[in-house]
Amino acid sequence: QVQVVESGGGLVQAGGSLRLSCTASGSISRINAMGWYRQAPGKQRELVAAITKGDDTNYADSVKGRFTISGDNAKNTVYLQMNSLTPEDTAVYYCNANIRTTWAPASNIDYWGQGTQVTVSS
């Protein structure tokens, strides 16, 4: 089994910062990429930022210059530093890990965390 656990959400005022963390654990042979998605009420889930094992990164246009994704391969952990937050960033943030497991080494499987709430007040 594989577990993906997020932490670090909360309530912050506009202009403030938060740092999210996400760790994958379990029967992992290789992590191909990890990323953060978010879903606001009434909206579809959208990609916020992602990072590959080789440290290539990808950001949504709406967060470029404000958010930074980084990873620690040794700890199977990814971080999302969020600065200059606005009320439009309010959402549930989900961590995604694309993993090759020890029991299915020919397959790349997406695992999701349970989500962490980020609320930005104006």
* Do Leu47 and Trp36 come close enough that some side-chain heavy atom pair is under 4.5 Å? -> no
* Any side-chain donor-acceptor pair under 3.5 Å between Thr23 and Thr77? -> yes
* Structure fact -> The salt bridge (Lys or Arg N to Asp or Glu O under 4.0 Å) partners of Lys64 (sequence neighbours excluded) come to Asp61
* Might you point out which heavy atoms bring Val4 and Cys22 nearest each other, and give the distance in Å? => CG1-SG, 3.4 Å
* Structure fact -> Smallest heavy-atom separation, Ile99 atom then Ala24 atom, equals CD1-CB, 4.2 Å
* To do: Could you check if a side-chain atom of Asn98 sits within less than 4.5 angstrom of a side-chain atom of Ile31, using non-hydrogen atoms only?
  => no
* Which heavy atom of Arg100 sits nearest a heavy atom of Pro105, and at what distance? -> CD-O, 2.8 Å
* To do: Output yes when a side-chain donor or acceptor of Ser107 lies under 3.5 Å from a complementary backbone atom of Ile109, and no otherwise.
  => no
* Asked: Taking atom types as modelled, is there a side-chain donor on Thr119 or Gln117 under 3.5 Å from an acceptor on the other?
  -> yes
* Asked: Does Arg38 reach the side chain of Asp89, with side-chain heavy atoms less than 4.5 Å apart?
  -> yes
* **Side chains of Thr52 and Asn32 in contact at under 4.5 Å (non-hydrogen atoms)** => no
* Asked: How close do Pro87 and Ser122 get, heavy atom to heavy atom, and via which atoms?
  -> CG-CB, 3.9 Å
* Using a distance-only test with no angle check, is there a side-chain donor-acceptor pair under 3.5 angstrom linking Asn83 and Arg66? -> no
* Apply side chain to side chain contact (heavy atoms under 4.5 Å, CB included) to Thr57 and list each qualifying residue two or more places apart in sequence or on a separate chain. => Ile51, Tyr59, Ile69
* To do: Determine the minimum heavy-atom distance between Val78 and Cys95, stating which atoms define it.
  => CG1-SG, 4.1 Å
* Structure fact -> Note: Glu6 and Thr116 closest approach over all heavy atoms is CB-CG2, 4.3 Å
* Asked: Which pairs with one or both residues in residues 87-122 pass ring pair (Phe, Tyr, Trp, His ring centres under 6.0 Å), sequence neighbours excluded?
  -> Tyr37-Trp112
* Asked: Could you go step by step and tell me if Gln44 and Gln39 meet the side chain to side chain contact (heavy atoms under 4.5 Å, CB included) rule?
  -> CA-CA 6 Å; Gln44 289 188 331; Gln39 187 166 19; 5.5 Å; no
